[in-house]
S.K.: 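Quick one: this structure, given as structure tokens, is what I'll be asking you about.
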Amino acid sequence: MALLDSIKKAGAAAYAAGNPMAVLVGKVTSINPLEVNVDPRFTLPEDFLIIPESLTKFEVDLGEAATGGKVVIRKGLEAGDAVLMLRVQGGQQYVVLDKLVRP
């Protein structure tokens with residue numbers, strides 16, 4: 001019974017915290033430094049964003065032997081991209097989950 005009571009208390013505490021998470025849609029307004037606009041009055045700077053590796057630019061240098069250039073495997077985030085974000089409990093950080101095909 002002690003485990004069940006602990007789980008109930010943890011659930012009640014999360015509920016009492018109010019809005020433990022939120023799903024948001026934002027638009028990348030700048031890459032360097034990274035900024036995401038959520039609404040006209042709310043822009044998130046890079047310090048508040050958690051970016052997964054899948055949304056970063058990745059290039060492979062083929063060198064002189066092949067085509068003599070780089071091949072882009074992933075473009076990464078670009079200005080104008082619509083992104084799906086998850087607000088972490090407490091609202092101090094936002095995880096950028098993915099780019100949206102249709103905002």
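Numbers here are sequence positions counted from 1.
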S.K.: Please report the shortest heavy-atom distance between E53 and R74, naming the atom on each side.
M.R.: O-NH2, 3.2 Å
S.K.: List the atom pairs, donor and acceptor, that lie under 3.5 Å between side-chain atoms in residues 30-39 and the rest of the protein, sequence neighbours left out.
M.R.:
residue	atom	partner	partner atom	Å
S30	OG	P33	O	2.7
N37	ND2	D39	O	3.0
N37	ND2	T43	OG1	2.8
D39	OD1	R41	N	2.8
D39	OD1	F42	N	3.1

S.K.: Give the cluster check for L55 versus F48: same hydrophobic cluster or not, with ILVMFWY residues linked at side-chain heavy-atom distances below 4.5 Å.
M.R.: yes
S.K.: Kindly say whether G76 contributes a backbone atom to a donor-acceptor pair with the side chain of K99 at under 3.5 angstrom?
M.R.: yes
S.K.: Do L44 and M85 have side chains that get closer than 4.5 Å, going by heavy atoms?
M.R.: yes
S.K.: Do F58 and V72 sit in the same hydrophobic cluster, where Ile, Leu, Val, Met, Phe, Trp and Tyr count as joined when their side-chain heavy atoms come under 4.5 Å apart?
M.R.: no
S.K.: Does a side-chain heavy-atom distance below 4.5 Å link V83 with V28?
M.R.: yes
S.K.: Apply salt bridge (charged side-chain N to carboxylate O under 4.0 Å, His left out) to residues D61 and K70 and explain how you reach the verdict.
M.R.: CA-CA 4 Å; D61 188 358; K70 294 182 179 183; 5.5 Å; no
S.K.: Enumerate donor-acceptor pairs with a distance under 3.5 Å from any side-chain N or O in residues 91-98 to protein atoms, sequence neighbours excluded.
M.R.:
none

S.K.: Looking at NZ of K57 and CD of E59, how far apart are the two atoms once the value is rounded to the nearest 0.5 Å?
M.R.: 4.0 Å
